[in-house]
J.: 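The structure's right below; bear with me while I get my questions together.
If you read the sequence from its start, that first residue is 1, and numbering goes on from there. As the structure lists them, so they are numbered: ligands from 1, and atoms in each ligand from 1.
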Amino acid sequence: MPAKWLKDAVFYEIYPQSFKDTNKDGIGDFQGIIEKLDYIKALGCNALWINPCFDSPFHDAGYDVRDYKKAAGRYGTNEDLYRLFDEAHKKGIRVLLDLVPGHTSEEHPWFRQSQSADQPNEFSNRYIWTDNWFCGSNLNYIAGEAERPNAYIVNFFKCQPALNFGFLKPQEPWQLPMDHPDCVATREAMKDVMRFWLSHGCDGFRVDMAASLVKYDDEVKSGTCAIWREVRGMLDSEFPEAAIVAEWARPDLSLPAGFDMDFILNDPHTHYASLLRDYNAPVDNTYFKKDAPARDINRFMDVYRRWYEQTKGVGYICLPTCNHDTPRPRFGLDETELKLAYAFIFTMPGVPFLYYGDEIGMRYQDGLPTKEGGYQRTGTRTPMQWDGGKNLGFSEAEAEALYLPVDPAADAPTVAAQEADPASLLNTVKALLKLRHENADLQADGPFEALCSEPEKPFVYRRGGLVLAVNPAGEAATVRLPAQGMKPIFTLGNASVDGGTLTLGAQSFVVLK
Ligand code: GLC
Ligand code: CA
């Protein structure tokens, strides 16, 4: 059973570098997040996911952790982070940190010892070392870096050596089984990190590359799932309120393994991109685009419905507006299209995630030079745009000192401008989240059934006692309703009901009761 507080949770993802700088050094900080908690609350979000904010050389924006138990100095101290937990809790906001269990920075003391010439030592097997200093053409192996005469496996960048959770079926003497004491020690070390932050008041973790733990795992990730079930056992007995969300995009595997939630990511197998950002397809058929030439929500819905049926009651599927790895939805969608996309995301079952700045339609800043291993992801990580002041209210530092430049466009969207406009994207997001909080049927556990998902027609779905319909097209459409006499309780664009027929204007959305 997922943590109870998730039933009505709406998450706000914060990339801490870029949210709010309070000490004029050009980079966001914990105090900045604390100062914006009221804003987040007023938006309708009651939970946060903060990207890694731990000591790190930042070769991958903090996903290369050097000390799991120490806050990165540039954001503040551990005490500041504990204060953030406290202040958030006072306002009814939960906080997830980002756990990176699969790899560390090559500067982590465990790795410094593991790679040293002084072998064996306590950390010799904390990482995965071959029996040779030469690794041939094997791409995931790094040779020529260590003092010891072996090569090691990395999970992502070269600076991120993979921790050793063992091999499902060891084939070579250097491949240890999962129950080898040194692999068990890795597992215990990760539980120790979780206990540390949970006992200081955090509410759980977003888990980075959650599928990556056991090497040469099978198709259904039996080895890695066994480890997560063990972690779940620990949480259930020691921190029963804690929640974990997997970066995995296989809810059929991750939720039965003990995760409360899993993200639908941009990966090709989910087809989620076809809703919000289909620009790599031969023809741009992004579902929510007004002029999509062959609109078909089933590219996504077929996958979603299968997973939904398989995991109902076990855990939640999360639809994010975006994340720090993906171009922002504003890259391909205009403001009206975004409103409809968010209306869909925020009225689906499971737990929605809003990426900071998507609520005002911040742009993807194409062509920025890479920052901290961001590469193309850098354009999604620019500073939050609060108001028309210096650096759009992000920081009092000089522009050259900023972590990343703010949107240079004259019409860069800001919170202040959109707060003043009742029809803005920001106020639409607020209204949608309010609607969700007021109607249990729209929340995580509310029932879901697709009533019409035919290509080129409005998508019509039922959530308990409510019927919802979205028409992203530029022309009006009619829909036969399952019952007579339903009344609109929420509308974007135009919608009217006559007996059992709903007429939906161009680019519209409606919730009927
Ligand atoms: C995940 C993170 C990404 C990071 C990678 C390696 O995909 O979301 O930002 O670079 O893992 O940790
Ligand atoms: Ca700062």
Side-chain angles (χ1 to χ4, degrees), residues 11 13-36 49-54 56-66 68 71-77 80-81 84 96-106 108 140 153-163 190 205-213 245-250 254 262-267 270 318 320 322-327 353 355-356 370-381 383-384 386 390-391 393-398 401-404 406:
F11 276 85
E13 178 190 347
I14 294 180
Y15 186 73
Q17 289 90 322
S18 294
F19 194 55
K20 174 73 188 170
D21 172 29
T22 58
N23 64 348
K24 304 189 187 184
D25 64 355
I27 189 158
D29 40 57
F30 295 136
Q31 182 57 29
I33 299 176
I34 293 173
E35 289 178 14
K36 294 298 182 183
W49 154 30
I50 304 175
N51 290 111
C53 52
F54 315 108
S56 166
F58 291 100
H59 294 310
D60 184 17
Y63 284 96
D64 47 332
V65 180
R66 186 164 52 198
Y68 283 103
R74 66 195 203 174
Y75 305 129
T77 61
D80 294 327
L81 184 51
L84 193 166
L96 301 192
L97 297 179
D98 207 319
L99 181 74
V100 189
H103 49 270
T104 66
S105 158
E106 59 193 349
H108 196 292
N140 280 340
I153 295 185
V154 294
N155 263 358
F156 197 67
F157 289 151
K158 173 253 165 193
C159 64
Q160 290 159 316
L163 285 161
M190 213 39 67
F205 302 92
R206 176 271 191 184
V207 178
D208 186 67
M209 291 182 67
S212 73
L213 306 190
V245 52
E247 187 207 21
W248 194 328
R250 283 296 303 271
S254 62
D262 191 0
F263 292 112
I264 300 292
L265 300 168
N266 227 15
D267 307 9
T270 70
C318 302
C322 182
N323 69 26
H324 61 289
D325 294 328
T326 306
F353 276 68
Y355 183 58
Y356 83 97
T370 183
K371 178 81 177 185
E372 296 187 342
Y375 300 97
Q376 268 97 334
R377 304 176 294 182
T378 306
T380 289
R381 301 174 173 187
M384 180 66 179
W386 295 104
K390 187 172 182 180
N391 300 316
F394 163 64
S395 168
E396 290 293 319
E398 291 315 311
L402 298 189
Y403 174 78
L404 281 171
V406 297

J.: Taking only heavy atoms of H103, which atoms of ligand 1 are found under 4.0 Å from at least one of them?
T.: 6 (C), 12 (O)
J.: Rounded to the nearest 10°, what angle sits at the Ca ion (ligand 2) between OD1 of D25 and OD1 of N23?
T.: 80°
J.: Determine, stepwise, if the pair R250 / D267 fulfils salt bridge (Lys or Arg N to Asp or Glu O under 4.0 Å).
T.: CA-CA 10 Å; R250 283 296 303 271; D267 307 9; over 6 Å; no
J.: So with a 6.0 Å cut-off around CD of E35, is the heavy-atom count from everything else above 12?
T.: yes
J.: If you count the atoms of ligand 1 from 1 in the order shown, which ones are under 4.0 Å from a heavy atom of D325?
T.: 2 (C), 3 (C), 7 (O), 8 (O), 9 (O)
J.: Going by the order shown, which atoms of ligand 1 are within less than 4.0 Å of some heavy atom of M209?
T.: 6 (C), 11 (O)
J.: Please find the N/O/S atom of D21 nearest to the Ca ion (ligand 2) and write down its name.
T.: OD1
J.: Near K24 NZ, under 6.0 Å, is it more than 12 heavy atoms from other residues, nucleotides or ligands?
T.: no
J.: Go through ligand 1 atom by atom and flag the ones less than 4.0 Å from a non-hydrogen atom of R377.
T.: 3 (C), 4 (C), 9 (O), 10 (O)
J.: Any carboxylate oxygen within less than 4.0 angstrom of a Lys/Arg side-chain nitrogen, looking at R381 and D325?
T.: yes
J.: Can W49 and Y355 be said to form a ring-ring contact (aromatic ring centres under 6.0 Å, His included), step by step?
T.: CA-CA 9 Å; W49 154 30; Y355 183 58; 8.1 Å; no
J.: Could you go step by step and tell me if F353 and F263 meet the ring-ring contact (aromatic ring centres under 6.0 Å, His included) rule?
T.: CA-CA 9 Å; F353 276 68; F263 292 112; 4.7 Å; yes
J.: So if I count the atoms of ligand 1 from 1 in the order they appear, which ones are less than 4.0 Å from some heavy atom of D60?
T.: 4 (C), 5 (C), 6 (C), 10 (O), 12 (O)
J.: For ligand 1, does R206 get within less than 4.0 Å through its side chain, its backbone, both, or neither, judged by non-hydrogen atoms?
T.: side chain
J.: Could you check atom 7 (O) of ligand 1 against the protein and tell me its nearest heavy-atom contact, residue, atom and distance included?
T.: E247 OE2, 2.7 Å
J.: Counting backbone and side-chain atoms alike, does I27 have an N/O/S atom under 3.0 Å from the Ca ion (ligand 2)?
T.: yes
J.: So, 3.0 Å as the limit: is an N/O/S atom of T22 located closer than that to the Ca ion (ligand 2)?
T.: no
J.: Pick, from D208, V65, N51, V207, the option with the minimum heavy-atom distance to atom 5 (C) of ligand 1.
T.: D208
J.: Between atom CG of L96 and atom CD1 of I14, what is the distance when rounded to the nearest 0.5 Å?
T.: 11.5 Å
J.: Name whichever N, O or S atom of D29 ends up nearest to the Ca ion (ligand 2).
T.: OD2
J.: Enter the distance from R206:CZ to E247:CD here, rounded to the nearest 0.5 Å.
T.: 4.0 Å
J.: Once the angle between the rings of W386 and F19 is folded into 0 to 90°, is it parallel (under 30°), tilted (30 to 60°) or perpendicular (over 60°)?
T.: perpendicular
